[in-house]
Amino acid sequence: MTSADTPTLRQSLLAARSAIPDSRRQMLSVQIKQHILDWLQGSHQDCRLPDRTTIGSIAGFWPIREEPDMISLLHDLHTLGHDISLPVIEQRDAPLHFYRWSPDTPLRRGAFNIPEPQVDTPAILPSLILVPTLGYTRDGHRLGYGKGYYDRTLHALAQQGHNAVSVGIGWEEGLIDGSYLPAAHDMQLDAIVTPGGWIVPARNGAD
Ligand SMILES: Nc1nc2c(c(=O)[nH]1)N(C=O)[C@@H](CNc1ccc(C(=O)N[C@@H](CCC(=O)O)C(=O)O)cc1)CN2
Ligand SMILES: Nc1ncnc2c1ncn2[C@@H]1O[C@H](COP(=O)(O)OP(=O)(O)OP(=O)(O)O)[C@@H](O)[C@H]1O
């Protein structure tokens with residue numbers, strides 16, 4: 001496909017996601033959460049997975065539309081002692097910044113009406129970024145809502161010499177299986193987690 005087909009692809013991915021019943025979505029979110037916890041706690045024996053041993057602070061996301069709900073995972077990771085942060089759009093069409101979140105952090109609605117923490121403590125540089133995906137390919141390319149926020153953010157962090165591990169979170173219905181031509185600015189994810197398990201791009205090991 002060419003980039004001209006991206007809006008059509010986005011529409012069909014949104015439709016596929018909407019077709020998952022709400023109750024099933026909740027159960028599938030728990031499966032994704034368990035894959036992440038197993039990896040971080042070292043009980044998932046797969047050498048292709050990103051190195052978990054350097055991971056301290058973790059950026060999550062507050063679910064919108066019909067995304068996987070990782071709020072309960074964020075609670076668990078906070079209990080396990082990780083610093084947790086959420087993305088904040090401080091300026092439109094600029095990189096995201098991540099601000100500390102804990103279960104008692106009040107959230108207010110920010111850009112696109114997404115719940116965000118107050119920006120009253122310094123921004124955090126996470127060592128793991130959980131990236132919401134609408135679609136993804138087996139080689140780690142991601143399709144979101146078309147505003148480029150995560151591409152800009154991962155690019156800006158890499159330019160500062162801060163190489164966070166980026167793990168896409170998505171439904172199995174988000175897999176883009178045919179030919180897909182990523183945009184030049186597209187940042188590849190280190191891995192993707194779906195309810196079915198991990199998808200690790202071949203460059204990170206054998207596929
Ligand atoms: N949960 C979650 N948080 C996130 C993201 C995400 O994908 N998921 N983002 C990932 O980047 C950023 C927000 N990006 C977004 C980009 C577009 C739209 C959106 O609703 N777009 C409308 C058009 C709205 C407009 O132009 O004003 C649309 O697609 O119809 C929402 C969020 C930061 N936080
Ligand atoms: N590193 C970057 N610097 C400047 N602009 C960028 C960068 N990355 C992406 N963009 C801009 O963002 C726009 C949307 O990109 P893209 O279609 O890849 O978004 P997306 O990844 O689907 O969206 P989102 O991350 O918001 O969910 C593009 O028009 C592109 O010009």
Side-chain angles (χ1 to χ4, degrees), residues 1-18 20 25-26 28-29 32-33 36 58-75 77 84-101 105 107-119 123-124 126 128-137 139-164 166-171 173-176 180-190 192-194:
M1 62 162 269
T2 65
S3 53
D5 303 321
T6 305
T8 314
L9 177 60
R10 213 172 249 124
Q11 286 310 315
S12 71
L13 290 167
L14 285 166
R17 185 166 90 169
S18 292
I20 309 171
R25 229 179 259 130
Q26 281 176 29
L28 296 173
S29 294
I32 296 175
K33 160 181 155 165
I36 304 269
I58 300 177
F61 58 89
W62 203 262
I64 57 171
R65 299 173 169 190
E66 289 144 339
E67 292 174 340
D69 183 343
M70 295 292 105
I71 297 174
S72 142
L73 172 67
L74 299 183
H75 280 256
L77 294 173
I84 306 297
S85 56
L86 289 175
V88 173
I89 298 178
E90 290 187 85
Q91 200 187 329
R92 292 270 175 146
D93 301 325
L96 300 164
H97 292 104
F98 298 98
Y99 284 89
R100 189 178 302 278
W101 173 88
T105 301
L107 299 177
R108 45 136 207 204
R109 299 256 170 192
F112 303 110
N113 217 23
I114 303 175
E116 298 177 340
Q118 305 281 356
V119 178
I124 286 183
L128 167 64
I129 304 181
L130 301 178
V131 182
T133 68
L134 171 61
Y136 50 83
T137 64
D139 57 1
H141 289 290
R142 161 185 180 273
L143 199 67
Y145 302 127
K147 301 276 180 201
Y149 280 102
Y150 275 95
D151 285 325
R152 268 191 225 93
T153 308
L154 296 173
H155 183 76
L157 289 173
Q159 283 214 314
Q160 293 165 41
H162 184 78
N163 285 303
S166 57
V167 170
I169 303 291
W171 305 117
E173 287 77 356
L175 178 66
I176 303 167
Y180 174 70
L181 188 66
H185 59 254
D186 209 33
M187 297 291 287
Q188 273 168 280
L189 301 168
D190 293 309
I192 295 126
V193 189
T194 74

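When a ligand or atom number is given, it counts from 1 through the structure's own listing order. Remember, it's a predicted structure, so these values are computed and weren't measured experimentally. Worth knowing before you read on, the calculation uses all heavy atoms, side chains too, and leaves out hydrogens, waters and symmetry mates.
When the side-chain hydrogen bond (donor to acceptor under 3.5 Å, both in side chains) test is applied to Asp151, no partner is found at least two apart in sequence or on another chain. Partners of Gln26 according to the side chain to side chain contact (heavy atoms under 4.5 Å, CB included) rule, which considers only residues two or more places apart in sequence or in another chain, do not exist here.
Under a 3.5 Å cut-off, the side chain of Trp171 and the backbone N or O of Glu66 do form a donor-acceptor pair. Using modelled atom types, no side-chain atom of Thr153 and backbone atom of Pro95 make a donor-acceptor pair closer than 3.5 Å.
In this structure, ligand 1 sits under 4.0 Å from heavy atoms belonging to Phe61, Trp62, Ile64, Arg65, Glu67, Ile89, Leu96, Phe112, Ile114, Pro132, Arg142, Tyr145, Lys147, Tyr149, Tyr150. A heavy-atom cutoff of 4.0 Å around ligand 2 is satisfied by the protein residues Arg10, Arg142, Leu143, Gly144, Tyr145, Gly146, Lys147, Gly148, Tyr149, Tyr150, Asp151, Arg152, His155, His185.
Atom CD of Gln91 is surrounded by 12 or fewer heavy atoms from other residues, nucleotides or ligands within 6.0 Å. For CZ of Arg100, the number of neighbouring non-hydrogen atoms (other residues, nucleotides, ligands) closer than 6.0 Å is 12 at most.
Under the 4.0 Å criterion applied to side-chain N and carboxylate O atoms, Glu116 and Arg109 are not assigned as salt-bridge partners.
Considering every non-hydrogen atom in both Leu143 and Tyr180, the closest pair reads CD1-OH, 3.4 Å.
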Please lay out, stage by stage, how Leu96 and Ile89 fare under the test side-chain contact (heavy atoms from CB on, under 4.5 Å).
CA-CA 5 Å; Leu96 300 164; Ile89 298 178; 3.5 Å; yes

